[in-house]
A.B. asks: 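There's a structure below that I have some questions on.
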Amino acid sequence: MIPKIRAIGEYGLALALMLLAWWYASGPLAVPPYLLPSPQSVGTTLWSMLQDGELLPHLLFTVQNILIGLLVGTLVGVALAYLFYKTPKLADVVEGPLVILQTAPKIALAPLVIIWFGLGVTAKIILIFSLVFFPVFAGGLAGFRNIDSRMHDLAQLLQLRRSQRFFSIDLPAALPGIFVGVKIGAVQALVGAILAEWMSGSLGLGYLMTFAAATYKTPILFGAVLLTSLLGIFLHALLNAVETLILSWNIPDA
Amino acid sequence: MLIRAVVGLVGFVALWSAAIPLFGVPNHVLPSPWQVAQQLIFLFERGNLLSHIQVTLMQIVWGFLIGLVLGIIAAIIFARIPFLERVSTPLILLLQTAPKIAIAPLLLLWLGLGAAPKIVLVAIVTFFPVMTAMLSGVKYINRSYIDLAKVLKLNPWQRFWHIEFPAAIPTVFAGATVATTLAMTAVVIGELMGANKGIGFLLATGQEDADTATVIAMVILLSVIGWAFYAALDYMRARMEARYS
Amino acid sequence: MIKLSGVEKIFGDGENAVVALAPVDVEIEQGAFITIVGPSGCGKSTLLRLIAELDSVSGGTIELGTTNKKRPVGFVFQDAVLLPWKTVAENIRFPLDTSGVPRSISDPKVEILIDLISLNGFENALPKQLSGGMRQRAAIARALADDPPILLMDEPFSAVDLMTRETLNDELLKIWQQTGKTILLVTHSIEEAAYLGTRVMVMSARPGRLRKTFDVDIPMPRSEDTKRDQKYLDLVHELRTMMREQGH
Ligand SMILES: Nc1ncnc2c1ncn2[C@@H]1O[C@H](COP(=O)(O)OP(=O)(O)OP(=O)(O)O)[C@@H](O)[C@H]1O
Ligand SMILES: [Mg+2]
């Protein structure tokens, strides 16, 4: 408990330090406000937008897309990883191109997805989905393949049914690998959401950024950047919390 | 593996060409591989594609090198002055968990639409994995090397240059290999968000014109560059590992 | 009664074929405690895995001759192979849960087993919180959970320190006497083989085969005194000489 409190304190301090530097640059150093608005002006802008109800729809839109994309991407990624794991023949054929795809910048699909699926929510979720899918698939496949062969012996010994085997051995055993993928996928999801909103549509934090940039409303731009960063940090913390909750067995020395 | 990849790719292209007449997909939705190739050649001959590729490559290479060097330097400083590392760890973790894409609009605001914001973005995403890898390489060095340094009575800098730094090199390369995909993503994001040159710029204009052939051609081009970039680093990493262990 | 007739196992084929087990004929009476010794690679694990149907035979037949239980054998692996995401109690209950036994029946059973292997107080601990010996005990309890008539144990105590090992040996003998199970136990320790078994099977390598069987004429229950019993000492000596001959 003590180290935890201390860590929170340290993070708080780090945040405060950054805030101070920001304030110093915009105030005493007199960097022009169209390049660096003061923390106060960003704060008040965000606050008034929140009160006018202009902020929440954007924030919720982004969050909603990320969550849906993350969820569907994870489910499909795990399902396909399991399919590949169970049918090595399929893996033999398809894995070659997948290796190349793994190093490709999947974010480049954004324009294609927008052309194909339009400017609305569908395109965004599909883009996020395809960004999440890959790392979860890769992590899940590695996880399934790394299962201790003696666990399979155990399953066979107990003559487990297919579903019993999946839910009580394969899935939990692959969960650490899946989680590695989900964590990478979550970062990608945020990137995809913001970029897609930046490039098309009129909703979301990404849209807010491009709108603010185009109309030189720097305080709004900074506010959106700030919220995006916080969203990323929050997502990261959330996944860490989920990890310690369901994967505590996998973390040495509880 | 490579042969399999090639075979798989050929199969993929065959499927792609077969699917178009089979499902009657209209051309503007999904052009055939042939059309994409033609578009690629057209862009080469008439659209100055080479100069766009050069711009993108230049941004990647410079950004990557800067991130690499800064990451190594930061790790050296942190390794030599543990107090500094201790103090800045929360700040670094915070920056690391914050999504780098959030910085992109600010870089565009501050540095304009040219190469600079992309180079900086690439450098930032490269910096973190390299620094972390280097630092852990120095920290988790085999105890007996440290003992050797003690027996030889090396001073701290000698110990660093002759023992810790070489020992960390394979780890640094592992970190750099991870960074290649991040760097590719960063450059694409930078160019999609605002640019007047580069592959990402062509990608963005292709989207505005709903020109799927160009878009697909650029996606393929980026994938190839990404793969070559990764393979090059991975090759160097493997060589380093072979030499050191 | 377990009856092996001409059971053999060959891994691979053609050039790469490895005869892991040359044809073995053996009959094991119900309630016997068979210990198996032999040099590394002589097919001890293979033999157990064939009996458990974890691998299939290349030739011959295996009759388990037991009641038509769904799971006739319990298996204890060399290291425990507990499911790391389940607690001790959940691990022990796992065979019961997966065959649909309701908690009202399985819970008291698990309680008895935990008593038997003296893991009281660790019911809700995760495997990572246990020592190697404790994990192995939990694995034994799991193998016993749905009361299989046959218990196969592949070097169950090799990862356990000597003191714990001796305690576990006595606990195992106690369980065997209480339940009347047929036990086949592989070990690298000649003393352990002589101390536990009603019969010791000696195997030899390349190709793996059954070399000789010794009946152990030492009464149960066995104890510290057994280890000074002349019959025991003679048997250990004889086994050791034999193992040495074949270049253990
Ligand atoms: N899955 C397998 N594929 C190929 N060869 C195998 C396989 N399993 C076992 N073998 C071979 O069969 C032979 C017998 O192996 P086994 O594991 O039964 O020996 P063991 O007596 O249990 O040895 P140890 O005392 O080291 O555990 C060995 O030569 C081994 O290499
Ligand atoms: Mg064995």
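Just so we're on the same page: letters track the sequence lines, and every chain starts at 1. Bear in mind the structure is a predicted one, so any value in this text is a computation, not a measurement.
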A.B. asks: Checking heavy atoms, do the side chain of L96(C), its backbone, both or neither come under 4.5 Å from chain A?
C.D. replies: neither
A.B. asks: Check whether any side-chain heavy atom of M151(A) lies under 4.5 Å from a side-chain heavy atom of P84(C), and answer yes or no.
C.D. replies: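 Yes - at least one pair of side-chain heavy atoms lies under 4.5 Å apart.
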A.B. asks: Taking atom CZ of R161(A) as the centre, report whether more than 12 heavy atoms of other residues, nucleotides or ligands fall under 6.0 Å from it.
C.D. replies: no
A.B. asks: Distance check, rounded to the nearest 0.5 Å: E53(C) atom CD versus Q159(A) atom CD?
C.D. replies: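 Taking CD in E53(C) and CD in Q159(A), the distance rounds to 7.5 Å.
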A.B. asks: Say you draw a straight line from CG of L154(A) to CZ of F94(C); how long is it, rounded to the nearest 0.5 Å?
C.D. replies: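 The CG atom of L154(A) sits 6.0 Å away from the CZ atom of F94(C).
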A.B. asks: Name the region of F75(C), side chain, backbone, both or neither, that has any atom closer than 4.5 Å to a heavy atom of chain A.
C.D. replies: both
A.B. asks: Side chain, backbone, both or neither: which part of I246(A) has a non-hydrogen atom closer than 4.5 Å to chain C?
C.D. replies: neither
A.B. asks: Could you state the interatomic distance from CG (L160(A)) to OG1 (T98(C)), rounded to the nearest 0.5 Å?
C.D. replies: 5.0 Å
A.B. asks: Around F234(A), counting heavy atoms of other residues, nucleotides and ligands shown, do more than 12 lie under 6.0 Å from its CZ?
C.D. replies: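 No.
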A.B. asks: Heavy-atom distance under 4.5 Å to chain A: side chain of L126(C), backbone, both or neither?
C.D. replies: side chain
A.B. asks: Of the non-hydrogen atoms in W249(A) and K128(C), which two are nearest, and what is the gap between them?
C.D. replies: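 Closest approach of W249(A) to K128(C): O-CD, 3.7 Å.
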A.B. asks: Could you measure the distance from the CG atom of L157(A) to the CG atom of L152(C)? Nearest 0.5 Å is fine.
C.D. replies: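 It comes to 8.0 Å.
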A.B. asks: Does atom CD (Q30(C)) have a neighbourhood of more than 12 heavy atoms from anything else shown, all under 6.0 Å?
C.D. replies: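 At most 12 heavy atoms, drawn from other residues, nucleotides or ligands, come within 6.0 Å of this atom.
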A.B. asks: Would you indicate whether K86(A), at its atom NZ, is surrounded by more than 12 heavy atoms from other residues, nucleotides or ligands within a distance under 6.0 Å?
C.D. replies: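 For K86(A), atom NZ is crowded (more than 12 foreign heavy atoms under 6.0 Å).
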A.B. asks: Heavy-atom count around F122(C) CZ within 6.0 Å, excluding the residue itself: above 12?
C.D. replies: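 No - once you tally the heavy atoms of other residues, nucleotides and ligands closer than 6.0 Å, there are 12 at most.
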A.B. asks: With a 4.5 angstrom heavy-atom cut-off, which part of L158(A) approaches chain C: side chain, backbone, both or neither?
C.D. replies: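 Its backbone and side chain both get close to chain C.
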A.B. asks: Who wins among D79(C), D55(C), V73(C) for the most heavy-atom pairs under 4.5 Å with chain A?
C.D. replies: D79(C)
A.B. asks: Do Q164(A) side-chain atoms and S99(C) backbone N/O form a donor-acceptor pair below 3.5 Å?
C.D. replies: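 No, Q164(A) side chain to S99(C) backbone: no donor-acceptor pair under 3.5 Å.
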A.B. asks: Around atom CG of N120(C), are there more than 12 heavy atoms from other residues, nucleotides or ligands closer than 6.0 Å?
C.D. replies: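 Yes.
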